[in-house]
Amino acid sequence: MKNIIEYEVSGPYALFSEPALRIGGEKTSYHIPTYEELKGITESIYWKPTIKWIIDAVRIINSIQTETKGIRTLGYSGGADLSYYTYLKDVRYQVRAHFEINYNHPELAGDRKEGKHYNIAQRMVKRGGRRDVFLGARECQGFVEPCVFGEGTSAYDSMPGEIAYGFMYHGITYADEAVLPEEKGKMTVNFWRPVIKPGGIIEFDRPEDCPSKRVIKDMKRTIFGNENFSGLSEFSTEKGVVNHD
């Protein structure tokens, strides 16, 4: 299909966690990447507001390892504090994702050209991404390269059964990408129960299909006008007219 990309992302360290678990100075990574983190990596490779990325699956290549480091951080009242961060170590993943047209932006209807976005996305994968890639935290640099999802060996190819991780943070649905009527104009946090299948594969629920959700606050979607999106008239179906709903 002309909307799918497959890539490998790797790095010496990663820190995947729910934002609520990052308060208090201590940080501990989940054992597996979250949907939100992989979506952020994919958007670092290529993103336009006309499209939205859906993460289909991730394949864990290297065995899951952790390493705890003592980090000196600035204290709120001055001086320095000692905090302990638990990172994933020597991570490597294969990711399969696809994009869909984001119909929440009618002002960009003229840019709904799937072939164009697909070709640019493929070129950006080969280049290692349009922007810097981070694995959950700024100090965790990531590196992207093309791959064929499922090729090569994984540390979990011979795993006899499945590993269930229980209730876990999935990601955030912002007003710009809301699909369900009850999520329109809202910021919603999604939760799910991931399972690692033999081969190290995790197949993700779509954000709108997550079984548990919590609305955080009301939120207006971004309106892309000429003042914040250069060359909008090139993409508008009616030049000079922007829909302000």
Side-chain angles (χ1 to χ4, degrees), residues 4-19 21-22 26-45 53-71 84-98 121-122 124-129 132-171 190-207 209-210:
I4 295 175
I5 63 170
E6 296 177 340
Y7 65 87
E8 181 179 293
V9 60
S10 60
Y13 292 99
L15 201 162
F16 307 125
S17 66
E18 180 183 350
L21 300 179
R22 294 193 178 189
E26 309 295 323
K27 298 180 182 180
T28 300
S29 178
Y30 285 128
H31 284 176
I32 57 178
T34 64
Y35 179 96
E36 186 72 15
E37 177 55 39
L38 294 176
K39 185 169 180 281
I41 291 172
T42 307
E43 290 179 344
S44 292
I45 295 172
W53 285 105
I54 304 296
I55 308 303
D56 299 310
V58 64
R59 183 177 181 227
I60 304 170
I61 302 300
N62 293 348
S63 59
I64 298 171
Q65 307 174 68
T66 61
E67 180 177 320
T68 300
K69 296 183 178 183
I71 307 294
Y84 289 96
Y85 293 4
T86 301
Y87 297 93
L88 293 176
K89 181 180 179 181
D90 188 24
V91 298
R92 186 174 161 217
Y93 307 106
Q94 292 178 347
V95 180
R96 183 175 64 232
H98 75 276
Q122 292 291 339
M124 292 303 104
V125 169
K126 293 177 181 178
R127 285 177 50 179
D132 290 342
V133 171
F134 303 103
L135 297 169
R138 182 125 188 131
E139 67 268 24
C140 301
Q141 182 78 41
F143 304 93
V144 167
E145 59 183 286
C147 77
V148 176
F149 190 90
E151 282 193 354
T153 59
S154 164
Y156 299 94
D157 284 340
S158 59
M159 188 171 69
E162 298 180 343
I163 300 175
Y165 265 86
F167 192 73
M168 185 173 158
Y169 170 74
H170 180 278
N190 307 313
F191 301 89
W192 72 314
R193 299 179 183 276
V195 174
I196 301 179
K197 298 180 179 181
I201 295 174
I202 301 172
E203 296 178 344
F204 287 98
D205 289 350
R206 292 176 62 100
D209 295 334
C210 285

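All heavy atoms count here, side chains included; hydrogens, waters and symmetry mates do not.
- Remark: I5 CD1 to T42 OG1 distance equals 5.5 Å, nearest 0.5 Å.
- Inter-residue side-chain proximity for E162 and P198 is flagged as met; some heavy-atom pair is nearer than 4.5 Å.
- The two residues L88 and Y93 have their closest heavy-atom pair at CD1-OH, 3.6 Å.
- At least one test fails for K39 against the ring of F204: distance under 6.0 Å to the centre or angle within 45° of the axis.
- Nearest approach of G199 to S154, heavy atoms of both residues: O-OG, 3.5 Å.
- With a 6.0 Å radius and a threshold of 12 heavy atoms from other residues, nucleotides or ligands, R127 has its CZ atom at or below the threshold.
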ask   = Hey, mind stepping through Q94 and I201 against side chain to side chain contact (heavy atoms under 4.5 Å, CB included) and telling me if it holds?
value = CA-CA 9 Å; Q94 292 178 347; I201 295 174; over 6 Å; no
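- The minimum heavy-atom distance between H170 and D205, with the atom names listed, is NE2-O, 2.9 Å.
- Contact of the F167 side chain with the R193 side chain is registered, since non-hydrogen atoms from C-beta on lie closer than 4.5 Å.
- Judged as a salt bridge (Lys or Arg N to Asp or Glu O under 4.0 Å), and not counting sequence neighbours, R96 has no contacts.
- Atom CD1 in I196 sits 6.5 Å away from atom OH in Y156 (nearest 0.5 Å).
- Between the T86 side chain and the S29 main chain, no donor and acceptor come within less than 3.5 Å of each other.
- If you take CD1 on I202 and CG on L38, they are separated by 8.5 Å, rounding to the nearest 0.5 Å.
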Show me the side-chain donor-acceptor pairs of residues 132-153 shorter than 3.5 Å, one per line, residues at least two apart or across chains.
unit_1: E139; atom_1: OE2; unit_2: Y87; atom_2: OH; d: 2.8
unit_1: Q141; atom_1: NE2; unit_2: V133; atom_2: O; d: 3.3

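- A distance-only check finds no donor-acceptor pair linking the side chain of N190 to the backbone of C210 [under 3.5 Å].
- Distance check: Y7 OH to M124 CE gives 14.5 Å after rounding to the nearest 0.5 Å.
- Rounding to the nearest 0.5 angstrom, the gap separating the CD atom in E6 from the CD atom in Q122 is 8.5 Å.
- You'll find the side chain of Y165 stays beyond 4.5 Å of the side chain of V195, heavy atoms only.
- For the atom pair L15 CG and T66 OG1, the distance stands at 11.0 Å (nearest 0.5 Å).
- A distance-only check finds no donor-acceptor pair linking the side chain of E37 to the backbone of G171 [under 3.5 Å].
- When all heavy atoms of Y169 and W192 are compared, the closest pair comes out as O-NE1, 4.0 Å.
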